[in-house]
Amino acid sequence: MLKSINISSVFVLDQDEALDFYVGKLGLEVAADVDMGFMRWLTVRVPGQDDRELLLEKPGPPAMDDATADEVRALVTKGATGFAVGWVTDDCRRTYEELKARGVEFTQEPTEHFYGIDCGLRDPFGNNMRIVQPAPQPLQVPEEYAVNRI
Amino acid sequence: MSRAVEEQNRRLLRARDAMDRSYGDPLDIPALARIALVSEAHFIRTFRATFGETPHRYLQRRRVERAMFLLRTTDASVTDVCFDVGFASLGTFSRTFRAIVGRSPSEYRRASDESTPVPTCFAMAYARPSTFGEAPPAKRG
C-alpha cells in the first residue's frame, strides 16, 4: 500500500536560474544539491515540510539525447507540460502581493472558488503552478461542479 | 531547436496568458504583440506556428468558453454576458458563439437548463468547445 508522495519532478532549463526562482523568490529551501557526476540531483522543499521534495530536473544527456531534450525544452517554454505544482498558503492575496513584488509572473490574480482562493503563476521556464488558500471544510460544492464519481 | 526559439515560445506564452487572464479587456493584436516583443505580423505568424491557431481565434475561444460558463451559471442577460467576456458587439458575439458552439447563446442556455441524461463528468468533458472550436459544418457561419 502506498503511503504518501515524497518527491515529484519539474523540468527546468537551467538549475541555477531555477534556484533563483524557487528559493530566491518563492522562498523554498534546498533539500539536496548533489553532484552525482552524471547529473546534479537538486531538490527543494517548503521550509517546515521535510517529507515532500520537488526535483528540479534538467532535461539532457545521458538520460535523453540532445534532440529529445530540445523537444522537452520547447514543450516547457510553450507551457505544454501540464500542471506542475500546487502550493498551499494561509493567505492567498497577501502571498500574491509579496511574490508579485519580487517579480514573479502571475497568470491569474487571486480568485474565489468554492474550494478556496487561488491564483496562477509560471516559473521562469513556463511551468504552470497555482497557489491556493483552501476554503474551510466541509466544502460547499456547487451543482455545476458536482461530478458523479462512477 | 535554438535557444532563441525557446525565448520566443516563452514570450508567446506570456501573450497567450494575457488572453486567458484579461479576456474581458479590449485586447487587440498590437497590445499582444507588444507583450511578445515582436511585430504584429510576426506575432500572428509565430503564434499560429507555435500553438496551432491564430491569436484571434485563441482569444475568441477563451471568451466563448467564459460566456458558456456565465450562461450556465448566472442569470445575466446575453447582452451582459457578451460585454463581460470582452466582445464589443452583440452581432459579433452571437455569430462567433454559434460558429464555435454550434448553437446560439440563448439556445445554449436553454439546453443547459434541461436535465442531462449522462453523468455530469461526461457532460463536463464533452460539452466544452473543442480545441480548435469546430462546430458542426452545417452550422458554421
Side-chain angles (χ1 to χ4, degrees), chain A residues 11-14 17-18 21 58-61 64-84 96 100 103-114 118-130 140-150, chain B residues 1-25 32 35-37 46-53 55 58 62 65-66 68-75 108-109 112-128 131:
Chain A
F11 278 126
V12 301
L13 305 197
D14 182 289
E17 194 180 343
F21 175 77
K58 186 179 177 185
M64 60 181 81
D65 64 281
D66 283 326
T68 305
D70 281 348
E71 290 184 295
V72 172
R73 296 171 67 98
L75 289 173
V76 170
T77 51
K78 278 194 207 188
T81 45
F83 182 67
Y96 169 83
K100 198 170 173 62
V104 171
E105 181 179 339
F106 281 87
T107 55
Q108 188 185 31
E109 294 175 356
T111 307
E112 291 193 25
H113 305 277
F114 70 89
D118 76 347
C119 58
L121 63 153
R122 291 195 189 278
D123 78 1
F125 316 106
N127 288 303
N128 173 30
M129 38 197 74
R130 298 186 74 82
Q140 302 295 314
V141 181
E143 194 179 344
E144 168 79 2
Y145 299 108
V147 174
N148 299 320
R149 296 185 185 280
I150 58 173
Chain B
M1 173 81 54
S2 70
R3 297 299 177 257
V5 172
E6 291 165 14
E7 285 293 318
Q8 175 178 277
N9 283 349
R10 193 64 187 81
R11 284 185 274 117
L12 291 169
L13 179 60
R14 203 163 281 135
R16 202 187 73 173
D17 284 341
M19 289 191 262
D20 283 340
R21 184 176 57 241
S22 307
Y23 57 87
D25 297 340
L32 294 166
I35 294 172
L37 305 175
T46 53
F47 189 99
R48 184 173 196 164
T50 303
F51 296 117
E53 62 187 328
Y58 185 87
R62 173 61 168 158
E65 176 256 313
R66 285 291 84 193
M68 293 169 81
F69 173 78
L70 292 174
L71 289 166
R72 283 198 312 271
T73 61
T74 73
D75 294 325
Y108 174 77
R109 169 173 269 167
S112 69
D113 285 343
E114 293 161 7
S115 65
T116 312
V118 296
T120 320
C121 53
F122 281 91
M124 278 178 58
Y126 289 97
R128 70 185 63 185
T131 306

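Labels below follow one simple rule: chain letters A, B, ... track the order of the sequence lines, proteins then strands, and each chain is numbered from 1. Computed from a prediction, not measured in an experiment: that's the story for all the values here.
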Task: Inter-residue atom distance Ser22(B).OG - Gln108(A).CD, 0.5 Å rounding - done: 10.5 Å
Task: Spacing of Asp17(B) atom CG and Asn128(A) atom CG [to the nearest 0.5 Å] - done: 8.0 Å
Open item on the list: Under a 4.0 Å threshold between the charged nitrogen and the carboxylate oxygen, would Asp14(A) count as salt-bridged to Arg3(B)?
Closed with: no
Open item on the list: Taking atom CZ as the centre, does Arg48(B) end up with more than 12 heavy-atom neighbours from other residues, nucleotides or ligands that are less than 6.0 angstrom away?
Closed with: no
TODO: Calculate, to the nearest 0.5 Å, the distance between atoms CZ and OG1 belonging to Arg11(B) and Thr77(A) respectively.
DONE: 11.0 Å
TODO: Side chain from CB out, backbone as N, CA, C, O: work out which of these in Arg16(B) comes under 4.5 Å of a heavy atom of chain A, or both, or neither.
DONE: side chain
Open item on the list: Does Leu13(B) form a side-chain contact (heavy atoms from CB on, under 4.5 Å) with Lys78(A)? I'd like the steps, not just the answer.
Closed with: CA-CA 6 Å; Leu13(B) 179 60; Lys78(A) 278 194 207 188; 5.9 Å; no
Task: Under-4.0 Å salt bridge between Glu105(A) and Arg10(B) - done: yes
